[in-house]
Number of protein chains: 2
Amino acid sequence: MTQTRKMIVLLDSVKKLIRRDDYKHVANILRKVHAADIAYVLAHLMEAERLRLVQVLADTDLALAAESISELHTKPGGQLLAILPVELAAKILQQMDSDDAALFVADLPDDKGREILALMAAEESSSVRGLLRYEAETAGRIMNADVFCLNQQVTVGEAIQKLRERREAVSCFYIYVVNDAGQLLGVLSLKQLLFHPPEVTLRQIMRTNVISVHTETDQEEVARQVANYNLLAIPVVDDENRLVGIVTVDDVIDIIREEATEDIFYMAGVETDDHAYTSARLSIRKRVPWLAIYLGIGLFTAWVISLFRGALDQYVILALFMPMIGGMGGNAGTQTMTVAVRGMAMGELDAQTRSKFILKELRVGVVSGFLLGIIAGLIASGLEFVWTGHYKIGIIMFLAMWLNISLAAVWGSLIPQIFKWMKIDPALASGIFVATLNDIIGFSIFLGMGTLMLNTFGL
Amino acid sequence: MTQTRKMIVLLDSVKKLIRRDDYKHVANILRKVHAADIAYVLAHLMEAERLRLVQVLADTDLALAAESISELHTKPGGQLLAILPVELAAKILQQMDSDDAALFVADLPDDKGREILALMAAEESSSVRGLLRYEAETAGRIMNADVFCLNQQVTVGEAIQKLRERREAVSCFYIYVVNDAGQLLGVLSLKQLLFHPPEVTLRQIMRTNVISVHTETDQEEVARQVANYNLLAIPVVDDENRLVGIVTVDDVIDIIREEATEDIFYMAGVETDDHAYTSARLSIRKRVPWLAIYLGIGLFTAWVISLFRGALDQYVILALFMPMIGGMGGNAGTQTMTVAVRGMAMGELDAQTRSKFILKELRVGVVSGFLLGIIAGLIASGLEFVWTGHYKIGIIMFLAMWLNISLAAVWGSLIPQIFKWMKIDPALASGIFVATLNDIIGFSIFLGMGTLMLNTFGL
C-alpha cells in the first residue's frame, strides 16, 4: 500500500513539473528512483509527455533510460521506441541487455527494425540479430547471450580475479564451467568461491549434474524448469551442448505472468495484447473477431433450435428454460476445461494421468448432473404447475440437465487435450469448442425430448 | 521434452521396483535425483505406495524426504503428512524451512497440527508457531524467518568469515545490514564482498535504498514488488522497521502461479484447490455449489422470461435467438471483465487509470455492439424471411444486441472494481454478477422490444 502511495506521489510530482516544462528537475527526481518506477511513470503519461521525458532521460543517463524502457511491457515499450527518432532508439537499444533489445526489435515494424539495427554498434546489433535467428518464444530468443563462464582449469583465485574484472556483469547468479570446446560441464555458486582455497580448480568443486535447456526449448518449458528446480538462472545449450546463453529468473517471472494471462485471456476470447491500457481502437479490432465467431455459433444454434419450432410453438415453457439448459452445460464444461488447461500448464496433467483425469471428470459430471438435474426438475415442475397447471417439464429438465452436464465433462476434459496433441495452445480454442458442442447437443437433447413428449403424451 | 521423457522413465523404474518390493534400489535411485523430481514421483503413485516410499526415503535421507514433500503442492503434501505417523510427520516438518513447514501445518486439521508441533524440537516448532501468528497470505506468514543479516560495523573480512561458518544457509541471496536494534539499514550482494578489501565495514559499501515489505503486506503485493524490481529476495520488516524475515524469489514464483490460477479458476466457477489430481468426490463437493448458484440464476432468468410469455407465444422466432442474445452479451462482458481483473492483478489498472479504462471499454462496447448488431440483425431478418416470410426481427435483434453489448462493457469494467473496493477478490464473484445482470437485462430488452413490436405493429 505504501509502495502504491509512493508511486502516485511520484507520478503527480513528475506530471506537475512537466506541465511547468521543468525537465531538469524531473531528470533529477528520476535519477534517484528505480527503473521500474520510471517505467510506471512513462506508462501513465500522455504520448507527447512520454516522448519528451525519454529524450530528457536519455540526455541525462542513457543507461537508465534504456533500463526504464526495458521495464515497460513489450507492447508499450515497442510503441514508444517506434515513435522515437531512429538514432535515439538505436542508442537506447544498444544499452539494453541483448535479450530485451531482441524482444523490442522483434516487435517493431520490419523496416524500422532494420533501420535501427543498422545504426547500432556492430557488436550489439550482431548479438541482437543472433537472438532473432531463433524462433519466438524459445529459449534461444529469450536468453541473454552474454553469459559468464569459465574454463574447468581455472582456479578459484583466478575466478575471483576474473569476476572483479567484469564487475558490471549483471546476470551473474552462478558460475558456469565449460571445457575448451565451450561445452557445459558444471556449475557453482558464487558462495562456493568464498569457501575454497584459491589454488583449487573449478573442476574439483563444481556440481556436474546441471539442469539445462536447448535453444529450441519452448519458453513455457524453460519457465517450468526454473520454477520446479528453484533456480535463479538456467543455462541454454546448442546441439553440441555448448553453452550459448542463460535465462534468468526475472525473465522467467515475466513469462509465467504472461503465460497465465494468455490462458485466461484466450479462454475469455481476448487477445493477449489487449490490456487495460490499450486504445479503444485496438481493443475493438482485437475483440470483434472473437465476438463474430460467437455470433456465428449463435446463429448456428438458432438454426438447431429452429428444427424444434413445432415443439416450441405448442409448449412455450420450453423456451423459458432454454437459457438455463445452455448455461448450466456451459458452466460445467468451463469448470472442467479450466482445470484441464491449468493442469496441463502446471504439468499436473500429462500422459501418465490423462485417462485417470478423464474418468474422474466423467464421474464428477454424472454425479453433479444427477444432483442438479433433480433440483432443477423439481423446481421447474413446480413453476410450470403454478403457471399452467401442468408439471411435465420436470422430467425433461431432469434428463436434459443430467445428460448435458455429464457430456460437458467429456468435452471439457477431452477438447483441451486434443488441442494440445494437435500442437495448438489448449486455452486458445477450447472455450469456443466446448461452448458450441454444449449448446448444440444441449438444446437438441432438451428440445428433442420436448418434441418426444409432445408426440408420445400429446402435451 | 527430454526432461518430460526423463521423468516418465524415472517414474516407470520406481514403480517397477516398488512392485518388486525392492525399496533399497528405489532409495538409491532417488538419492541421486532432485527433490522436485521425487515430488513428481510421489504425486504419481498410489496412496499406499506413496506412504511406503516416504518412510523408506525418511530412513535413508530425512532432509531429502523433507525437501521432496516441500516441493509437492501444498494440498497433496498436506494430505500426505496427515496420513503419516505423527512422529514421522514431526521429524519431516522439523527438517523443512520454517515457511514451508508453516504452510503445511496451517493446512492440517487443528488437532493433528497441534500434536505434530508438540512432537517437534522446541526451536523449530516455535519458529513455525511464530509464522502462524501472522494472517494467511501475508508476508509474515510466507517469509523465511531464518535470515542472514549482519551488523553495520562488521567488516568485509568478518562477513566472509561469518558466511563460511553458516555455509548451510540456503537462502543467502543478499546480505542484509542492520543496526544494533536489528533495524534494516542496507543491503549488499555477495559479489560486493569479493570486490572490497577485508577491512572496509559493510556500512561503507551497502546500498541504503532497500525495497522492503511489512509483515502484514498481502502476498500478491510482495510478489509484485519482487517481480517489478527484479529482486531475488525481499526483506520483511515489522512496525519498528526491524528485519524479521525474507521472502525469496522461488516462493514468489509459486505465489504468482497460484494467484494466476486463482483468478482464472474463480472466473470459471472453480475453487483453487480443485486440481487435475484431486479426487472426484472433492471436485464434486467444490463444484456443485457454484453450479447451484448458476442454477438459481437460471431459474430467476426463466422467471424474467416468463414475464414475456405472451410475446413468445405469438412470435416463436424470438425463442430461437434468445440463447444468442444472452451469449453475446455474456461473451462481451467476460472479455471486459477479464481485461479488468488481470489489469488489476498486474498493477496496470489502478486509481490513476480507472475512469480512462471505463470510458474506453464503453467505447469498445458501443462500437462493437453496433457492428455486430448490424450483422446479427441482417442475418436474423434473412433467416426469418426464409422461415416465415416476415423480416421484422432484424430491427429488434440489432437494437437488443447493440444495447446489450454496450451495457455488458459497463458491468464488465465496473463490477470487478467495485469488488476490489469492497475488498473482495475481483475475480471471485465478478463472473456470476456480470452473467446475471447481462442475462436479466439482455432478455428483458430483447423480449420487451418483441412485446412492443407486437403491440405497436401487431406482428
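Only a predicted model underlies this, so the values are computations on that prediction, with no experimental measurement involved. Chain letters run A, B, ... following the sequence lines, proteins first, then strands; residues in each count from 1.
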Measure Leu232(A) against the heavy atoms of chain B and call it side chain, backbone, both or neither at under 4.5 Å. side chain
Could you tell me which portion of Asn209(B) (side chain, backbone, both or neither) has an atom closer than 4.5 angstrom to a non-hydrogen atom of chain A? side chain
Sequence neighbours excluded, which residues qualify as ring-ring contact (aromatic ring centres under 6.0 Å, His included) partners of Phe357(A)? none
Closest-packed option against chain A by number of heavy-atom pairs under 4.5 Å, given Val249(B), Thr301(B), Leu349(B): Val249(B)
Which atoms of Lys15(A) are under 4.5 Å from chain B, going by heavy atoms: the side chain, the backbone, both sets, or neither? side chain
Who wins among Val270(B), Thr334(B), Thr338(B), Thr353(B) for the most heavy-atom pairs under 4.5 Å with chain A? Thr338(B)
Given that the side chain runs from C-beta out, which part of Lys356(B) has a heavy atom under 4.5 Å from chain A: side chain, backbone, both or neither? neither
Chain B contact via Asp350(A) - which portion, at a heavy-atom distance below 4.5 Å: side chain
Which region of Phe308(B), side chain (C-beta onward) or backbone (N, CA, C, O), has a non-hydrogen atom less than 4.5 Å from a non-hydrogen atom of chain A, or is it both or neither? neither
Can you tell which of Asn331(B), Ile317(B), Ile253(B) has the highest number of heavy-atom pairs within less than 4.5 Å of chain A? Asn331(B)
Approximate separation, where rounding is to 0.5 Å, of Tyr229(B) OH and Glu71(A) CD: 9.5 Å
For Gln192(B), is it the side chain, the backbone, both, or neither that has a heavy atom closer than 4.5 Å to a heavy atom of chain A? neither
Between Ile305(B), Asp250(B), Leu320(B), which has the largest tally of heavy atom pairs under 4.5 Å with chain A? Leu320(B)
